[in-house]
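See structure below.
Quantities reported herein were computed from a predicted structural model and do not represent experimental measurements. As a basis for the values below, the full set of heavy atoms in this structure was taken, side chains included, without hydrogen atoms, waters or symmetry mates.
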Amino acid sequence: LVARVETVLRRCGRGREKLCIWGVALDPEQRTVEKDGVPVELTPREFDLLLYLMRTPGVALYRDVLFERVWGALPEEDTRTLDLHIARLRQKLGWQEHITTVYRIGYRLEKEDGA
């Protein structure tokens with residue numbers, strides 16, 4: 001259902017807008033990321049993960065949901081892949097305090113104060 005809704009929204013142009021939060025600008029159409037005007041190199045999975053987090057600021061996202069949305073399937077076994085990608089995003093963007101771990105749930109990108 002979520003995939004269908006996102007497809008309809010993309011057709012209407014919603015998916016093309018630039019997303020900006022915490023000094024990071026993400027362009028979904030060009031698949032580029034800038035931190036304070038400086039380009040940031042991300043892997044395709046890191047980009048997709050960041051895109052999903054930036055589209056849902058302030059929402060605690062379950063690990064399974066993130067896996068399904070970014071990797072396209074649930075993990076076969078207990079894996080640290082998501083944790084490693086989150087750690088890399090935190091490091092590359094300087095977002096140690098902006099991407100928070102939600103105990104027994106997953107992760108959340110904190111909202112900006114004015115948002």
Side-chain angles (χ1 to χ4, degrees):
L1 178 62
V2 173
R4 288 182 182 175
V5 170
E6 286 180 350
T7 301
V8 170
L9 291 173
R10 259 195 313 274
R11 286 186 200 141
C12 297
R14 178 200 169 259
R16 297 180 185 174
E17 66 207 28
K18 262 191 174 179
L19 302 169
C20 299
I21 188 168
W22 300 112
V24 172
L26 182 143
D27 187 338
E29 193 169 305
Q30 298 296 319
R31 293 190 64 88
T32 58
V33 177
E34 293 181 351
K35 168 79 173 170
D36 298 325
V38 178
V40 177
E41 293 295 322
L42 298 178
T43 66
R45 295 276 195 234
E46 289 170 346
F47 181 89
D48 293 340
L49 181 57
L50 178 62
L51 176 62
Y52 198 69
L53 288 169
M54 288 181 73
R55 283 189 172 157
T56 56
V59 177
L61 300 168
Y62 283 89
R63 295 175 57 82
D64 291 346
V65 171
L66 289 169
F67 250 107
E68 189 174 332
R69 300 300 301 144
V70 176
W71 280 267
L74 295 176
E76 298 282 326
E77 55 191 54
D78 189 28
T79 178
R80 303 298 294 177
T81 301
L82 177 61
D83 303 321
L84 292 171
H85 280 77
I86 290 288
R88 286 188 201 129
L89 278 178
R90 286 174 172 158
Q91 182 180 18
K92 289 181 178 183
L93 300 173
W95 276 9
Q96 286 75 13
E97 68 279 354
H98 300 312
I99 299 176
T100 56
T101 302
V102 181
Y103 182 67
R104 299 191 130 203
I105 304 266
Y107 296 97
R108 173 180 50 233
L109 174 61
E110 297 298 330
K111 285 185 175 183
E112 283 188 290
D113 293 333

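Every side chain to side chain donor-acceptor pair (under 3.5 Å) that T101 has, sequence neighbours left out, goes to R90. Under the rule for a side-chain contact (heavy atoms from CB on, under 4.5 Å), the partners of D83 that lie at least two apart in sequence or sit in another chain are R63, R80, Y107. Taking the ring pair (Phe, Tyr, Trp, His ring centres under 6.0 Å) definition, one finds that F67 meets it with W71, sequence neighbours left out. Here A60 pairs with V102, I105, R108 under the side-chain contact (heavy atoms from CB on, under 4.5 Å) rule; sequence neighbours left out. Under the side chain to side chain donor-acceptor pair (under 3.5 Å) criterion, R88 pairs with no residue, sequence neighbours left out. For E97, the side-chain contact (heavy atoms from CB on, under 4.5 Å) test picks out no residue, with sequence neighbours left out. Shown here are the side chain to side chain donor-acceptor pair (under 3.5 Å) partners of T100, two or more places apart in sequence or in another chain: E110. In this structure E68 satisfies the salt bridge (Lys or Arg N to Asp or Glu O under 4.0 Å) test with no other residue, sequence neighbours excluded.
For the pair L82/V70, no side-chain contact is recorded, criterion being any heavy-atom separation below 4.5 Å from C-beta on. Proximity of V40 to V38: side-chain heavy atoms (C-beta onward) are nowhere separated by under 4.5 Å. In this structure the side chain of W22 never reaches within 4.5 angstrom of the side chain of I99, judged on heavy atoms.
The two atoms that bring P57 and R55 nearest to each other are CD-C, 3.4 Å, heavy atoms only. The shortest heavy-atom contact between Y52 and L66 is CD2-CD2, 3.6 Å.
Atoms OG1 and CG, on T81 and L49 in that order, are 11.5 Å from each other to the nearest 0.5 Å. The line from NZ of K111 to OG1 of T56 is 10.5 Å long, rounded to the nearest 0.5 Å. A distance of 5.5 Å separates CG in L50 from CG in L89, rounded to the nearest 0.5 Å.
Evaluation of the salt bridge (charged side-chain N to carboxylate O under 4.0 Å, His left out) test over residues 42-54, restricted to residues two or more places apart or in two chains, returns R31-D48, E46-K92.
Looking at V33, T32, L51 one by one, the single match for side-chain contact (heavy atoms from CB on, under 4.5 Å) with D27 turns out to be T32.
The number of heavy-atom neighbours closer than 6.0 Å to CD of Q96, taken from other residues, nucleotides and ligands shown, is above 12.
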